[in-house]
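Comments concern the structure below.
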Amino acid sequence: EVLLVESGGGSVEVGGSLRLSCAASKYIDSSYFMGWFRQAPGKEREGVAAIDPDGNEDYADSVEGRFTISRDNAANTLYLQMGMLEPEDSGMYYCAAEIAVMGGTVGALDPDEYNVWGQGTQVTVSS
């Protein structure tokens with residue numbers, strides 16, 4: 001069964017915005033840590049933003065102030081609002097979920113903490 005499905009990726013110009021969505025199955029509820037990660041060609045997967053069951057957020061320094069993570073528990077959906085996009089933001093974006101994460105919200109940016117992953121959605125920012 002597919003547990004996480006991302007959507008909303010696309011191609012935008014520098015300075016543009018995108019909103020990613022991640023629809024979670026009924027088995028992943030508000031008690032899970034959830035996060036957004038990205039991977040560019042030839043690079044390791046990195047944490048972008050994470051949110052804990054209490055709604056506390058954490059962001060990578062590179063996206064702080066430009067991206068916002070949120071979750072709609074009623075709709076079982078995770079979002080990532082991305083603004084002021086830069087070419088360096090290009091990559092495959094994945095959402096992930098985990099019931100418990102070492103280190104709390106800060107640890108939730110570590111992709112190794114997650115076992116449930118979506119298939120990804122591509123974001124391309126062109127100058």
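Numbering starts at 1 and runs along the sequence shown.
Between the side chain of Glu113 and the backbone N or O of Met102, at least one donor-acceptor pair lies under 3.5 Å. No donor-acceptor pair under 3.5 Å is formed between the side chain of Gln119 and the backbone N or O of Val5. Here the side chain of Thr121 pairs no donor or acceptor atom with the backbone of Ser7 at under 3.5 angstrom. Proximity of a side-chain donor or acceptor of Asp72 to a complementary backbone N or O of Thr77 within less than 3.5 Å is not detected.
Every residue two or more places apart in sequence or in another chain that forms a side-chain contact (heavy atoms from CB on, under 4.5 Å) with Val125 is listed here: Val12, Val14, Leu85, Pro87, Asp89, Ser90, Val123. For Asn73, the side-chain hydrogen bond (donor to acceptor under 3.5 Å, both in side chains) partners two or more places apart in sequence, or in a different chain, are Arg71. Remark: Tyr114 engages Phe37 in a ring pair (Phe, Tyr, Trp, His ring centres under 6.0 Å) (not counting sequence neighbours). Scanning for salt bridge (Lys or Arg N to Asp or Glu O under 4.0 Å) contacts around Glu46 gives Arg38, with sequence neighbours left out. Scanning for side-chain contact (heavy atoms from CB on, under 4.5 Å) contacts around Asp52 gives Phe33, Asp54, Asn56, Thr105, with sequence neighbours left out.
Linking ILVMFWY side-chain heavy atoms closer than 4.5 Å, directly or via other members, places Leu4 and Leu109 in two distinct hydrophobic clusters. By the criterion of side-chain heavy atoms lying less than 4.5 angstrom apart, applied directly or through intervening Ile, Leu, Val, Met, Phe, Trp or Tyr residues, Ile51 is grouped together with Tyr32 in one hydrophobic cluster. Following chains of ILVMFWY side-chain contacts shorter than 4.5 Å, one can reach Ile28 starting from Leu20, so the two form part of one hydrophobic cluster. Neither Ile99 nor Trp117 shares a network with the other; the hydrophobic side chains, linked directly or stepwise wherever heavy atoms of I, L, V, M, F, W or Y lie under 4.5 Å apart, form separate groups for each. Taken together through direct or relayed side-chain contacts under 4.5 Å among Ile, Leu, Val, Met, Phe, Trp and Tyr, Met84 and Val48 form parts of separate hydrophobic clusters.
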Begin with the C-alpha distance, continue with both residues' side-chain angles, and end with the deciding distance and a verdict on side chain to side chain contact (heavy atoms under 4.5 Å, CB included) for Ser17 and Gln81.
CA-CA 8 Å; Ser17 300; Gln81 180 67 48; 4.2 Å; yes

Run the side chain to side chain contact (heavy atoms under 4.5 Å, CB included) check on Glu86 and Arg66 step by step: do they pass?
CA-CA 10 Å; Glu86 305 166 352; Arg66 300 188 297 121; 3.9 Å; yes

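Atoms CE and NZ, on Met92 and Lys43 in that order, are 15.5 Å from each other to the nearest 0.5 Å. The CZ atom of Arg19 lies 11.0 Å from the OG1 atom of Thr68; values are rounded to the nearest 0.5 Å. To the nearest 0.5 Å, atoms OH (Tyr94) and CD (Gln39) are separated by 5.5 Å. Between the CG atom in Asn115 and the CG atom in Leu3 there is a gap of 11.5 Å [rounded to 0.5 Å]. Taking OG from Ser70 and CG from Leu80, the interatomic distance works out to 8.5 Å, rounded to the nearest 0.5 Å.
Counting only residues at least two apart or on different chains, the disulfide bond (SG atoms under 2.5 Å apart) pairs with a member in residues 94-127 are Cys22-Cys95.
For the 3.5 Å distance criterion, the side chains of Tyr59 and Glu57 qualify, holding a donor opposite an acceptor.
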